[in-house]
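See structure below.
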Protein chains: 2
Amino acid sequence: MTAAANQSGRRPTTSRRLERAGIRDVAAAAGVSITTVSDALNGKGRLPDETRSRVREVAERLGYRPSAAARTLRTGRSGLIGLTVTTYGEEPFTFTEFAYFAEMARAATSAALGRGYALVVLPASSRHDVWGNIALDGTVVIDPPDQDPLVSELYRSGVPVVSDGKPGNCPVTAWVDNDHEAAVLGILDHLTESGARRIGLLTGTSTDTYTRLSTDAYLGWCDRVGQEPVYETYPAHDPAAGAVAADRLLARPDRPDAVYGLFDPNGTDLLAAARRYGLRVPDDLLLVCCSESDVYAGTEPPITTLSLKPRRIGTTVVNLLIDAIEGVDSGTGVDVGRLFPPRFRSAGTGPPPGTLMPTELIVRASSQRRSTRTTVSPPRSPGEV
Amino acid sequence: MTAAANQSGRRPTTSRRLERAGIRDVAAAAGVSITTVSDALNGKGRLPDETRSRVREVAERLGYRPSAAARTLRTGRSGLIGLTVTTYGEEPFTFTEFAYFAEMARAATSAALGRGYALVVLPASSRHDVWGNIALDGTVVIDPPDQDPLVSELYRSGVPVVSDGKPGNCPVTAWVDNDHEAAVLGILDHLTESGARRIGLLTGTSTDTYTRLSTDAYLGWCDRVGQEPVYETYPAHDPAAGAVAADRLLARPDRPDAVYGLFDPNGTDLLAAARRYGLRVPDDLLLVCCSESDVYAGTEPPITTLSLKPRRIGTTVVNLLIDAIEGVDSGTGVDVGRLFPPRFRSAGTGPPPGTLMPTELIVRASSQRRSTRTTVSPPRSPGEV
DNA sequence: CGTTCATGGAGAAACGTATCTTCTCCGCTT
DNA sequence: AAGCGGAGAAGATACGTTTCTCCATGAACG
């Protein structure tokens, strides 16, 4: 039996079952070779339009669907992108960051689909069990902790990794983050303009980038302006602790006359605490919190919020990742050499390219003594990366 | 060159690049055959523990990761499950059902991961572009419309499909749904017990299962009890229309003294409308709405909600799907015959197996004149499917 | 008239795994 | 002594593509 015969007419022993048509079946039915079918369907090769359309028609008639697995094996591309939150364990999403994460994930999914990729939501834990069984073209990592072993291993094995949140020590292909410093400074300026004399901060105990950069920006501002820092911290993943911390902040002897809360529930918590202490908002206390929720448009009074624009972040992250996947990738040592002669490339030691995205301050009644309503984007500090 | 030599020592022309170690490399390094490596790592075959552990150690040292694509191609299993919402177009998730969908998707993701599968979120539209490029072992479909071509095609091509929401006409492997009729009847009973004389309904215009079954249950109840139906409909995906409809309902000459709203925002909308008309809740108007949000625990007054328990649904759907994938699958004509002799199987015409899950009524102040707080599960009507 | 070139297409080699089949020992039974 | 059976492991094939290489045929061209 020649190889050709083996190639075209097959399945000698097993009785032909009810199986999906393969490319061979299409080729046989159309009276052409496998190559021609592949080229015709993928728009490659040089074929007259007549052949192309005929093959397409036969394929359609046979209900032919190319095997994704075979294609992935051959091309090395699966069209799949991993999405993971590494900061907090277990559950794939975290309640605390839910609104942000949900929006971000939604935008990321849309952006990926728009470019022909699909997203797979994966937990940061359970490494090989799941991660190893999926062919991923790349991974989006949200807020990776320093030295994340998962990210390191992915990167080392050549999978492009783009992180949402400036990474600490783990190497990534690229990263995207908000300009948290500019955001905080913008808020502090805004509150100052609204007449705040002593601005307090409600922040978290964890060491993720967001918390750290925001708190540092606040402390630096205090230092420059000459205000004594007034802040309370609590574990951000614990909603109950947030309410307690809000209360603590307003119970201090050096009670602030304006507060910025870093986390989504801080707005309502601070509002409730203020009520308990008989403080009117905004008259006695100016309030701003970071949130993606629009319930703050309906509170009494409406609360000024900082939006991190998760949609924009998600879209940007995915586009960067897909660029890295499809472009001349700057992975560890993957060969580019066949097309381009070896040339100088920054070899791993240089910092990965980062992108800072502006935030948006949605000014509502809680942060202004006069009753104008405007939307202000904090100025980007031009010297930043 | 013998085939054996070809098998073990390869890559003659291309200079050995920085590539991931394959199973061949492990075999060579361990001095055994590919078969032995495969068996050792997968816990199959008959190998002495010594060989097994040695192979494992070599694999570890080489950083060997089996190729997911190759494994998928060989075994026909990818470990990937699709998740899609088909009801409303474009965006992968719909705002209206967001809380429900998010919870359900989260639970589904967890359940899948617990069994070694990962979830891929896919849009119902853009058929071949994306769906065709991913090897899916099965698909979860949320609320498929009647005659959904996507579902039909998936099912026809042998991919198990389990739907959240009883499907209309499309064939599915199995489905899961809440016992919407029991839920509505439970609410109507509860409201009646709280003193309601004329119960109104705020419902949707779309024809999905949830809306239809709930509305029918209401109308049937009215018919039995002898109450004239009092209801307003609006397109559920339009939040603004919801507020208007709530207002319409309370503006009617035959104004109800109790209302059940089928959709998440109805609670606040009805509360606002009641306020406009000077109606006190629960004194003048009893209120219940279907929602997964816990904001209704904090409204003034707190509003009784019906929870569809999306976590439970998501978990159940995924487990049913994976059972179908791994068990003796009842797909169209896929062979089971190699292991079991042909035998009588219900061949497609029988209705797919469905599971009804109970809902949970979280009773709060808005639906009771007396101020006790309890949680009541509506009784399941035993005669139902 | 011989050489190049473009066109249309076929052959066959991977991609990396799982698994069915076979082979070789070697100790044991009858 | 012959046969048997099981342990341990290797051979080889198939999974279904993509793609690199190569072949045939004419037409254009000098």
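If you're wondering where the values come from, they're calculated on a predicted model, not measured in any experiment. Each chain gets a letter, A, B and so on, in the order the sequences are listed, and its residues count up from 1.
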Query raised in the report: Considering heavy-atom distances to DNA chain D, does Thr51(B) or Ser67(A) have its closest nucleotide positioned more toward the 5' end?
Result: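 Per heavy-atom nearest nucleotide, the more 5' residue is Thr51(B).
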
**Report entry** Residue whose closest nucleotide on DNA chain D lies nearer the 5' end, Pro48(B) versus Ala70(B)
**Finding:** Pro48(B)

Between atom [atom1] in [X] and atom [atom2] in [N], what is the gap in whole Å?
X: Glu50(B); N: dA9(D); atom1: CD; atom2: P; result: 8 Å
X: Asp39(A); N: dC22(D); atom1: CG; atom2: P; result: 17 Å
X: Asp25(B); N: dG16(C); atom1: CG; atom2: P; result: 9 Å
X: Ile34(A); N: dG9(C); atom1: CD1; atom2: C1'; result: 13 Å
X: Arg71(A); N: dT17(C); atom1: CZ; atom2: P; result: 21 Å
X: Arg52(A); N: dG9(C); atom1: CZ; atom2: C1'; result: 12 Å
X: Asn42(A); N: dT17(D); atom1: CG; atom2: P; result: 10 Å
X: Arg77(B); N: dA18(C); atom1: CZ; atom2: P; result: 14 Å

Requested in this report: Give a yes or no answer on whether the side chain of Asp148(B) reaches the backbone of Leu150(B) with a donor-acceptor pair at less than 3.5 Å.
Outcome: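 Yes; judged by distance alone, with no hydrogens or angles, the pair exists.
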
Could you tell me whether the phosphate oxygens of [N], OP1 or OP2, come under 4.0 Å of any side-chain nitrogen or oxygen in [X]?
X: Thr75(B); N: dC15(D); value: no
X: Ser38(B); N: dT17(C); value: no
X: Lys44(B); N: dA18(C); value: no

With the side chain of [X] defined as its heavy atoms from C-beta on, choose the nearest nucleotide among [options].
X: Arg24(B); options: dG16(C), dG16(D), dT19(C); result: dG16(C)
X: Ile23(B); options: dA10(D), dA18(C), dG9(C); result: dA18(C)
X: Arg46(B); options: dG8(D), dT17(C), dA10(C); result: dG8(D)

Query - Check ion pair Arg56(B)-Glu60(B) (N to O, under 4.0 angstrom) - result: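 No.
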
Requested in this report: Test side-chain hydrogen bond (donor to acceptor under 3.5 Å, both in side chains) on Ser33(B) and Thr36(B) and set out the steps.
Outcome: CA-CA 5 Å; Ser33(B) 74; Thr36(B) 303; 3.1 Å; yes

Report task. Quickly, which of Thr72(B), Leu80(B), Val120(B) forms a side chain to side chain contact (heavy atoms under 4.5 Å, CB included) with Ile134(A)? Name it, please. Result -> Leu80(B)

Requested in this report: Report yes or no: is there a donor-acceptor pair, N or O only, under 3.5 Å between the side chain of Thr35(A) and the base of dT19(D)?
Outcome: yes

**Report entry** Check: dT17(C) base within 3.5 Å donor-acceptor of Thr72(B) side chain
**Finding:** no

Report task. Using a 4.0 Å heavy-atom cut-off across all strands, classify Leu73(B) as base, sugar-phosphate, or nothing. Result ->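 Counting heavy atoms under 4.0 Å across all strands, the contact made by Leu73(B) includes a base.
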
Query - Spacing of Arg46(A) atom CZ and Asp39(A) atom CG [to the nearest 0.5 Å] - result: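 Rounded to the nearest 0.5 Å, the CZ-CG separation comes to 10.0 Å.
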
